[in-house]
Amino acid sequence: MGILSRASYVIRSRLNAILGSAEDPSEQLDYSYEQLRDQLQDVKSGIADLTTQKKRLEIQKRRLEENVEKHNEQAREAVRQDRDDLARQALEKKKQKMSQMEDLEGQIADLQDTQDQLVEKKNTLQSRIEEFRTQKETMKARYEAAEASTRVSEAMTGAGDEMEDVSRSIERANERTEDMEARAEAMDELEQSGAFEDALSDKDSIDRELDSLSTDSEVDAELETLQAEVGDGSSTDESTSDTSEPADESVDAETSEASAADGGADAGDNGTDPAVEAELEELQNESDS
């Protein structure tokens, strides 16, 4: 086998495979059924044409019969008038017409035989078409049932292309949903931590800390006022209050001394800059004054 023959064989094989996969059995059956019906229509048309031709010959035969009868009467009338020559001519014409009638009868008989054969073939073809129609509908129903069963099986197993697309769509939707949920949680966390407010504010961390301390001082002052108002309305003994105050002051003094000692120790341990501590002490003195 040469190269061209092999290439032609491969091309035909692939074309047949492509056409075979693209063919729909239902469409093929319907097409075959229509072809059979076209053939049946052609047979009916042929029978109609043949019958028309036979009817024409029968009409000609009836005319010849009329002529034969006419020539026969002419021959009798010529004999009654002693015109044997005219009678002879009439009889000769009668003989010709009868010969033509015999030919027409033979043709009509042949046409009748052909018509009978065509009618029989038409009936046979029509019966086969009806049988094929029943088989076609049965085969189409089986094919459609098998196709539906295949689609259902593919859908159940996820093997179909559509199910694969649906699965991929669900996966992408899940991924996007998880991303949005994570982003929402991150935004909530940033909002709770004050990151958005910090980003929109022009204050630095020291300003925010000082504002917080100022707010705490205001709250403490208001709390002391409320406590004083509540203390004025109470029935506590003044002498008890007077004796408790020196004790509280001594305790506060001891606590402040311990705190100062601890603060100095912590500052020494943490390596705080003495210059910064001195400046801080001056600021505190200014604040107290």
Side-chain angles (χ1 to χ4, degrees), residues 1-45 124-216 218-219:
M1 181 181 295
I3 296 176
L4 294 178
S5 300
R6 291 177 61 187
S8 176
Y9 177 77
V10 171
I11 293 173
R12 289 198 305 270
S13 299
R14 292 186 177 180
L15 287 176
N16 289 331
I18 294 172
L19 293 175
S21 60
E23 288 177 351
D24 187 356
S26 299
E27 295 179 356
Q28 290 180 351
L29 292 172
D30 291 336
Y31 179 72
S32 299
Y33 177 70
E34 293 299 326
Q35 282 188 325
L36 290 175
R37 292 190 62 183
D38 292 341
Q39 293 178 2
L40 178 62
Q41 188 64 33
D42 292 339
V43 173
K44 289 181 179 179
S45 299
T124 302
L125 180 60
Q126 189 168 0
S127 299
R128 291 181 178 178
I129 290 174
E130 293 299 326
E131 292 177 359
F132 178 75
R133 180 176 179 273
T134 303
Q135 294 177 357
K136 174 180 73 71
E137 296 299 329
T138 303
M139 294 175 68
K140 285 178 62 177
R142 289 177 57 192
Y143 176 77
E144 291 176 358
E147 187 178 14
S149 177
T150 302
R151 287 198 300 267
V152 171
S153 299
E154 290 179 351
M156 294 298 293
T157 57
D161 295 336
E162 295 180 358
M163 290 303 299
E164 291 180 359
D165 295 338
V166 171
S167 299
R168 287 195 293 268
S169 299
I170 293 175
E171 290 178 358
R172 289 195 295 269
N174 287 331
E175 292 176 356
R176 292 179 180 178
T177 302
E178 291 176 356
D179 292 340
M180 293 301 294
E181 291 175 350
R183 183 176 180 83
E185 293 179 359
M187 299 294 284
D188 293 339
E189 183 177 351
L190 291 173
E191 184 177 2
Q192 292 176 0
S193 64
F196 289 159
E197 296 178 357
D198 295 342
L200 296 176
S201 177
D202 57 352
K203 296 181 180 181
D204 56 10
S205 60
I206 298 175
D207 294 334
R208 288 192 295 271
E209 186 69 23
L210 292 175
D211 291 341
S212 177
L213 293 174
S214 176
T215 302
D216 293 340
E218 293 177 358
V219 172

Pairwise distance [atom1]([X]) to [atom2]([Y]) - rounded to 0.5 angstrom:
| X | Y | atom1 | atom2 | result |
| --- | --- | --- | --- | --- |
| R133 | T138 | CZ | OG1 | 10.5 Å |
| R128 | Q39 | CZ | CD | 11.0 Å |
| Q126 | L36 | CD | CG | 12.0 Å |
| F132 | E137 | CZ | CD | 10.0 Å |

For K44, all residues meeting salt bridge (Lys or Arg N to Asp or Glu O under 4.0 Å), sequence neighbours excluded: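 So K44 forms no salt bridge (Lys or Arg N to Asp or Glu O under 4.0 Å) with any residue.
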
Residue list, salt bridge (Lys or Arg N to Asp or Glu O under 4.0 Å) with D30, at least two apart or on another chain: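 Partners of D30 by the salt bridge (Lys or Arg N to Asp or Glu O under 4.0 Å) criterion, ordered by chain and then number, come out as K136, K140.
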
Donor-acceptor contact present, side-chain S149 to main-chain A145, <3.5 Å: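 Pair absent, no side-chain N/O of S149 close to backbone of A145.
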
Listed pairs under 3.5 Å, donor-acceptor, residues 174-183 side chains, sequence neighbours left out:
| unit_1 | atom_1 | unit_2 | atom_2 | d |
| --- | --- | --- | --- | --- |
| N174 | ND2 | I170 | O | 3.2 |
| T177 | OG1 | A173 | O | 2.7 |

For the student: nearest non-hydrogen atoms of I129 and L40, plus distance: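 Where I129 meets L40 most closely, the heavy atoms are CD1-CB, 3.6 Å.
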
Heavy-atom side-chain contact between Q41 and D38 under 4.5 Å: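 No; the side chains remain at least 4.5 Å from each other.
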
